[in-house]
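I have placed the structure first, in the form of structure tokens, so that the comments after it can refer back to it.
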Protein chains: 4
Amino acid sequence: MPKIVNKEQKRKDIAIACSELIHEIGIKKLTVSKCAKTANIGKGTIYEYFESKEDIIFEIINLHIEQYHTQFIQSIKNVKSSKEKVFHFFKFVLDDSIENTKLFNSYREYLSIVLSEDNVNMKNFNVNCDVFFKTQLEKIIQDGIDNKELISQAIEFCEGLLIYEKGLALMKMTNNDFDTKVSSKKFINNLFELIEIKKEK
Amino acid sequence: MPKIVNKEQKRKDIAIACSELIHEIGIKKLTVSKCAKTANIGKGTIYEYFESKEDIIFEIINLHIEQYHTQFIQSIKNVKSSKEKVFHFFKFVLDDSIENTKLFNSYREYLSIVLSEDNVNMKNFNVNCDVFFKTQLEKIIQDGIDNKELISQAIEFCEGLLIYEKGLALMKMTNNDFDTKVSSKKFINNLFELIEIKKEK
Amino acid sequence: MPKIVNKEQKRKDIAIACSELIHEIGIKKLTVSKCAKTANIGKGTIYEYFESKEDIIFEIINLHIEQYHTQFIQSIKNVKSSKEKVFHFFKFVLDDSIENTKLFNSYREYLSIVLSEDNVNMKNFNVNCDVFFKTQLEKIIQDGIDNKELISQAIEFCEGLLIYEKGLALMKMTNNDFDTKVSSKKFINNLFELIEIKKEK
Amino acid sequence: MPKIVNKEQKRKDIAIACSELIHEIGIKKLTVSKCAKTANIGKGTIYEYFESKEDIIFEIINLHIEQYHTQFIQSIKNVKSSKEKVFHFFKFVLDDSIENTKLFNSYREYLSIVLSEDNVNMKNFNVNCDVFFKTQLEKIIQDGIDNKELISQAIEFCEGLLIYEKGLALMKMTNNDFDTKVSSKKFINNLFELIEIKKEK
DNA sequence: TATGAATGAGCATTCATTCAT
DNA sequence: CATGAATGAATGCTCATTCAT
């Protein structure tokens with residue numbers, strides 16, 4: 001009986017094996033050879049499970065984002081106020097820990113590829129990501145409205161916040177003078193000033 | 001004595017000559033040879049005026065943006081309402097004319113390079129662009145406040161709008177499902193709902 | 001499973017294939033493309049076995065010298081007198097046959113590279129060559145001493161002779177007026193005059 | 001009246017101006033542009049006085065060697081013993097002062113060029129250098145013979161010593177393991193052991 | 001005489017992908 | 001299933017030299 005290999009699982013396995021690699025050397029310097037060596041398989045074998053080098057990168061980034069999604073859901077579980085939850089939502093751009101910086105840089109390089117080519121897989125994947133985060137944001141805001149924290153129009157700003165977060169990431173990536181933390185705090189505070197229901201004393 | 005050329009001017013001249021080229025074949029496929037041929041000069045001559053291939057690209061993009069800045073200032077001159085001016089500000093992402101699409105695509109490719117490398121010139125240039133547009137936006141909003149169109153807190157949203165516009169561009173570049181026009185209209189309308197001074201009937 | 005090649009052997013094979021090439025066109029005009037064509041392999045394949053163009057040159061010269069070493073040991077086998085053996089030792093600079101001239105010229109070009117760069121491989125290789133020839137020379141002289149042909153102090157001149165031979169090569173390479181044969185004969189005769197044990201009549 | 005320029009003198013002047021340049025950046029990295037700038041003249045003007053880039057290098061090296069010749073004659077003026085004078089003759093290879101190291105390295109690069117091309121000027125120049133040093137060496141040795149320091153056959157070793165010195169230089173340039181000082185001392189001492197007239201006690 | 005703008009040939013190297021075994 | 005040997009297209013940059021002014 002021949003060994004039955006679960007292709008989808010092996011894709012994941014290879015991606016997991018190369019997960020760190022992409023942080024260490026960056027996407028640009030990632031070669032198929034290095035991937036094969038890191039995953040302890042032959043170069044040719046890579047092509048049994050991936051269509052192209054980009055496909056590998058895609059799978060690895062996919063993995064990272066999936067992990068990030070899980071973490072995100074976990075992280076806002078015990079957060080009470082809507083504003084705080086929104087700040088958690090911005091963690092990806094605001095957190096300067098080594099761990100998150102690696103993630104952020106990988107995403108920057110990934111973005112560079114997405115912008116220079118026209119990869120359908122990648123674009124679809126982006127759509128999914130956007131949907132995930134928009135859904136999360138809507139849940140956060142709707143909870144806030146239900147709790148009488150936020151005015152009902154607040155729900156209209158979900159997409160705007162999502163887009164603002166993207167712009168924030170882009171700013172951080174392209175403008176060294178830009179103070180991401182100060183700017184985002186100011187924006188969110190000002191926005192909440194307008195959409196929060198003032199508590200009576 | 002040989003003729004003395006104005007180096008800075010010739011840089012511009014070469015950039016102008018190659019200006020269309022970058023739209024036609026894209027930044028990625030731009031080669032120094034093609035630039036030289038298009039500008040009707042020798043390949044070596046290019047290097048008398050540019051330090052590297054990137055330097056050429058940089059100068060051309062510079063040229064495009066400069067033109068865009070001039071056009072922008074011109075275009076809002078006769079616009080009356082603040083909201084309309086802000087929409088003009090978003091023209092770069094909203095206008096789907098052939099002309100603007102070319103510009104937008106070049107910027108996408110340029111962004112791809114900026115994100116994948118660490119070019120100081122390019123980053124400085126980005127800083128300058130951001131400063132320009134932030135200044136313009138502040139002028140627009142401040143005028144609106146002065147004209148009693150907008151509430152005084154509106155000025156706090158300038159940077160936020162700038163960042164939102166960047167996010168909008170990124171969305172348009174990476175997510176085919178995204179309807180830029182609808183989204184931005186909704187966001188701006190909702191925001192103005194909050195920052196506009198309601199006129200009495 | 002694909003065939004497994006002996007990397008070290010293939011390196012040699014490629015070097016052998018390009019061995020003549022270096023004589024024909026010289027080191028300076030040697031290009032990787034020409035090497036690949038001559039060896040009937042792809043340009044990329046070259047880089048599977050060599051680190052750089054210099055590495056190829058190095059391997060070819062290595063090959064030549066190795067052959068020369070073997071020939072040298074063979075050639076002095078049946079030579080009786082120490083002086084004659086020393087003249088064999090000088091064969092590389094004295095022999096004007098087409099074959100040896102090719103070798104000498106290749107060495108000249110190789111030397112030119114060694115002198116202009118700081119290649120560790122090449123320097124180590126030079127050390128090994130010097131060790132080989134010094135050892136050979138010591139054997140020759142020691143045999144002469146053991147056979148009562150030479151005075152015991154003769155052994156002290158081994159390194160000197162080695163160095164003299166290098167100087168002789170350099171003279172031949174840089175000074176067209178120089179008569180290598182006459183000069184070396186004179187020097188060796190004069191030296192042997194001093195270190196030979198005079199036979200009683 | 002037009003300015004009469006002594007071509008030969010201007011050649012020297014330019015060479016003098018670029019004299020240090022060759023030490024600083026090395027022959028390989030010397031460009032005609034840099035020479036022109038250093039000499040405060042136009043690039044085209046260089047070609048009024050020099051036939052080629054090599055011609056410039058040649059003139060500079062010429063200058064260095066001329067200076068060295070003068071120094072050499074000066075330096076042995078007050079040296080008494082023949083052996084000591086011979087050691088002065090070897091100063092070029094033995095002196096590790098910064099000054100002499102610069103000179104030695106420039107000569108190494110110059111040699112690299114001489115070995116890779118077939119420049120008649122350079123070869124002729126080498127002949128002259130060899131003649132100069134051979135003459136000096138003959139004077140030294142002849143003086144030793146006249147002073148009853150050396151045996152009459154010693155004169156026969158002049159050319160040999162010259163060639164040995166060349167070999168010594170080549171060794172130093174190509175073999176990092178080689179101890180120039182130890183080797184040359186041993187050789188000269190051993191040789192003088194044979195050619196010196198032993199003083200009676 | 002002096003200049004400096006213009007030139008363009010020439011070449012090493014990388015690496016994703018294929019396919020014979 | 002697995003492999004790794006073979007491939008070759010594609011391109012930025014230097015710099016000695018010329019020659020119009």
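None of the values given here were measured: they were computed from a predicted structure. Order of the sequence lines sets the chain letters (A, B, ...), proteins ahead of strands, with each chain counted from 1.
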Bracket string, DNA chain E, 5' to 3' - pairs by Watson-Crick or G-U geometry under 3.5 Å, | interstrand: .||||||||||||||||||||
CD1/A/Ile60 to OG/A/Ser19 distance, rounded to the nearest 0.5 angstrom? 7.0 Å
Salt-bridged, C/Lys7 to C/Glu48, with N to O below 4.0 Å? yes
Can you tell me how far the CD1 atom of C/Ile27 sits from the NZ atom of C/Lys53, to the nearest 0.5 Å? 9.0 Å
Please lay out, stage by stage, how A/Ser106 and A/His23 fare under the test side chain to side chain donor-acceptor pair (under 3.5 Å). CA-CA 7 Å; A/Ser106 292; A/His23 287 325; 3.0 Å; yes
Using 0.5 Å steps for rounding, measure from the NZ atom of D/Lys43 to the SG atom of D/Cys35. 11.5 Å
Please walk me through it: do D/Tyr49 and D/Asp55 pass side chain to side chain contact (heavy atoms under 4.5 Å, CB included)? CA-CA 9 Å; D/Tyr49 300 96; D/Asp55 198 19; over 6 Å; no
Just the table, please: protein N/O against nucleotides 6-8 of chain F N/O, every pair under 3.5 Å.
{"from": "F/dA6", "atom 1": "OP1", "to": "C/Lys10", "atom 2": "NZ", "distance (Å)": "2.5"}
{"from": "F/dA6", "atom 1": "OP2", "to": "C/Tyr49", "atom 2": "OH", "distance (Å)": "2.2"}
{"from": "F/dA6", "atom 1": "N6", "to": "A/Lys43", "atom 2": "NZ", "distance (Å)": "3.3"}
{"from": "F/dT7", "atom 1": "OP2", "to": "C/Gly42", "atom 2": "N", "distance (Å)": "2.7"}
{"from": "F/dT7", "atom 1": "OP2", "to": "C/Thr45", "atom 2": "OG1", "distance (Å)": "2.5"}
{"from": "F/dG8", "atom 1": "N7", "to": "C/Gly44", "atom 2": "N", "distance (Å)": "2.8"}

Sugar-phosphate only, base, or nothing, as touched by B/Lys7 at under 4.0 Å among non-hydrogen atoms: sugar-phosphate
Distance in angstrom units between A/Tyr47 OH and F/dC1 C1', rounded: 18 Å
Are B/Gln9 and B/Asp13 close enough that a side-chain donor and a side-chain acceptor fall under 3.5 Å? yes
By side-chain contact (heavy atoms from CB on, under 4.5 Å), B/Asn121 pairs with (sequence neighbours left out) B/Phe58, B/Asn119
Mind running a 4.0 Å heavy-atom check of residues 50-57 of chain C against DNA chain E and sending the residues that fall below it, in number order? C/Ser52, C/Lys53
DNA chain F contacts made by residues 13-36 of chain C, counting heavy atoms under 4.0 Å: none
Pair D/Met122, D/Glu117 - check side chain to side chain contact (heavy atoms under 4.5 Å, CB included), show working. CA-CA 10 Å; D/Met122 289 182 170; D/Glu117 314 198 11; over 6 Å; no
In plain terms, say whether A/Lys34 and A/Glu24 are close enough for a salt bridge, that is, a side-chain N and a carboxylate O under 4.0 Å apart. no
At what distance, to the nearest 0.5 angstrom, does CG of C/Leu115 lie from CG of D/Leu111? 5.5 Å
Any residue meeting side-chain hydrogen bond (donor to acceptor under 3.5 Å, both in side chains) with A/Asn62, in chain and number order, not counting sequence neighbours: none
Working to the nearest 0.5 Å, report the span between CG of C/Leu30 and CD1 of C/Ile25. 5.0 Å
